[in-house]
Amino acid sequence: MNSVKQRLPRLLPWLDQRRPDVVCLQETKLADQAFADLLGEELARRGYEVAAHGEPRWNGVAILSRAGLDDVVTGVAGAPGFPHQEARAVAATCGGVRVHSVYVPNGRTPDSDHYRYKLEWLAALREVVRLGPEEAMVCGDVNIAPADADVFDPAAYEGQTHVTAPERAALAELRELGLHDVVRERWPEERVFTYWDYRAGMFHKDLGMRIDLVLASDPVAGRVRAAWVDRHARKGTGPSDHAPVIVDLDEAPDGDIGPVVPPPSAPAPKRGSVKLPQAPSG
DNA sequence: ATGTCAGATGTGATCTGA
């Protein structure tokens, strides 16, 4: 979101256009009461139940659902604070699936306390998911590009947060619980990004990173019929610097809803020596 | 061009975080 308050004119039309059953939001940057005051009524009118977990200024996550919203848990048990507990995770059971909306700490620089905090936070998240139900999804801004293919130019990010080996190992350990990276599995060779820096025309040039993931356990991943990044939502006036990831699931394991065609993406520009703005990622 | 935003402090420009 990069502020749900600033993004309201984009969020509500997007909900009406895509009509998702379950929505995981990150970086709402709003306390729970302010969240309810700002958009509770608009969401209720659209049939959404809401689990919001926020702070007055930073962070903040939420789950919107019209597929049920049960057993809401805020935060990650056993996770460290920085120094206080931050609003970076909320979980709920929606239509039989344990859904986690997560905003993984940024990490800032690899030698920082914030980076160590990020790794410890991921380890705690892994424990929560490990002890949870088999049908599970982890969705959100993980602030890690899983592989070099998830960065427009790996050389431009070398040694920076989001691409280091320990971060990728922490993410891999989470995935070793049996979680599928459903967008990468659907688009194994394609150029797919979810985040583009606001500066320097990065979106226009499609110089981005794939740091927003939908991870799904086996029984859920088997129901995936479409998985794609809604780049359209990054265009136009007043977008977030991230684009939403959309995943369609069948209702039944052997169901068939026919072919689903994602919208066309922009042609990939040539890889080159592009100077990277010094404040990476959101 | 370190080229953008958003939130805050506290009124206007500067800081923090991404």
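Here is the naming used below: chain letters follow the sequence lines, and residue numbers restart at 1 for every chain. These numbers were taken from a predicted model, which means no experiment stands behind them.
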Side chain of [X]: nearest nucleotide among [options]?
X      : options               : value
A:Q6   : B:dG3, B:dG7, B:dT4   : B:dG7
A:H114 : B:dG3, B:dT9, B:dA18  : B:dA18
A:K29  : B:dA18, B:dT4, B:dA6  : B:dA6
A:W58  : B:dA18, B:dT16, B:dT4 : B:dT16
A:Y198 : B:dG3, B:dA18, B:dT4  : B:dT4
A:S3   : B:dC5, B:dA18, B:dG7  : B:dG7
A:R108 : B:dA6, B:dG7, B:dA18  : B:dA18

Rounded off to whole Å, could you give me the [atom1]-to-[atom2] distance for the [X] and [N] pair?
X      : N      : atom1 : atom2 : value
A:H84  : B:dG17 : NE2   : P     : 11 Å
A:R88  : B:dG17 : CZ    : P     : 12 Å
A:W196 : B:dG3  : CH2   : C1'   : 19 Å
A:R10  : B:dC5  : CZ    : P     : 12 Å
A:N59  : B:dA18 : CG    : P     : 7 Å
A:R57  : B:dA8  : CZ    : C1'   : 7 Å
A:Y117 : B:dG17 : OH    : P     : 13 Å
A:E55  : B:dT16 : CD    : P     : 19 Å

On a whole-Å scale, what distance lies between the [atom1] atoms belonging to [N] and [M]?
N      : M      : atom1 : result
B:dA1  : B:dG7  : P     : 30 Å
B:dG17 : B:dT2  : C1'   : 15 Å
B:dC15 : B:dG10 : C1'   : 13 Å
B:dA6  : B:dG12 : P     : 23 Å

Could you report the tightest heavy-atom contact between A:E167 and A:H162, atom names first, then the distance?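 Minimum heavy-atom separation between A:E167 and A:H162: OE2-N, 2.8 Å.
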
Mind listing the closest non-hydrogen atom pair of A:D218 and A:H180 along with its distance?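 Nearest heavy atoms, A:D218 then A:H180: OD1-NE2, 2.5 Å.
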
For A:G107 and A:K5, find the nucleotide of DNA chain B closest to each by heavy atoms; which residue's nucleotide sits nearer the 5' end?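 Looking at the nearest nucleotide for each, A:K5 comes out on the 5' side.
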
Pick the closest DNA chain B nucleotide for A:V4 and for A:G201 by heavy atoms, then say which residue is nearer the 5' end.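 By nearest-heavy-atom nucleotide position, the 5'-most residue is A:G201.
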
Taking the six-membered ring of A:Y48 (Phe, Tyr or Trp), confirm whether the NZ or CZ of A:R66 is under 6.0 Å from its centre and within 45° of its axis.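 Yes, a cation-pi geometry holds between A:R66 and A:Y48.
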
Without swapping roles, check the side chain of A:S217 against the backbone of A:A136 for a donor-acceptor pair under 3.5 Å.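 The answer is yes, because a donor-acceptor pair under 3.5 Å joins these two groups.
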
Is there a side-chain contact between A:W196 and A:H204, using heavy atoms and a 4.5 Å cut-off?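 With C-beta onward as the side chain, the pair stays apart.
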
Salt bridge between A:R168 and A:D148, side-chain N to carboxylate O under 4.0 Å?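 Salt bridge present between A:R168 and A:D148.
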
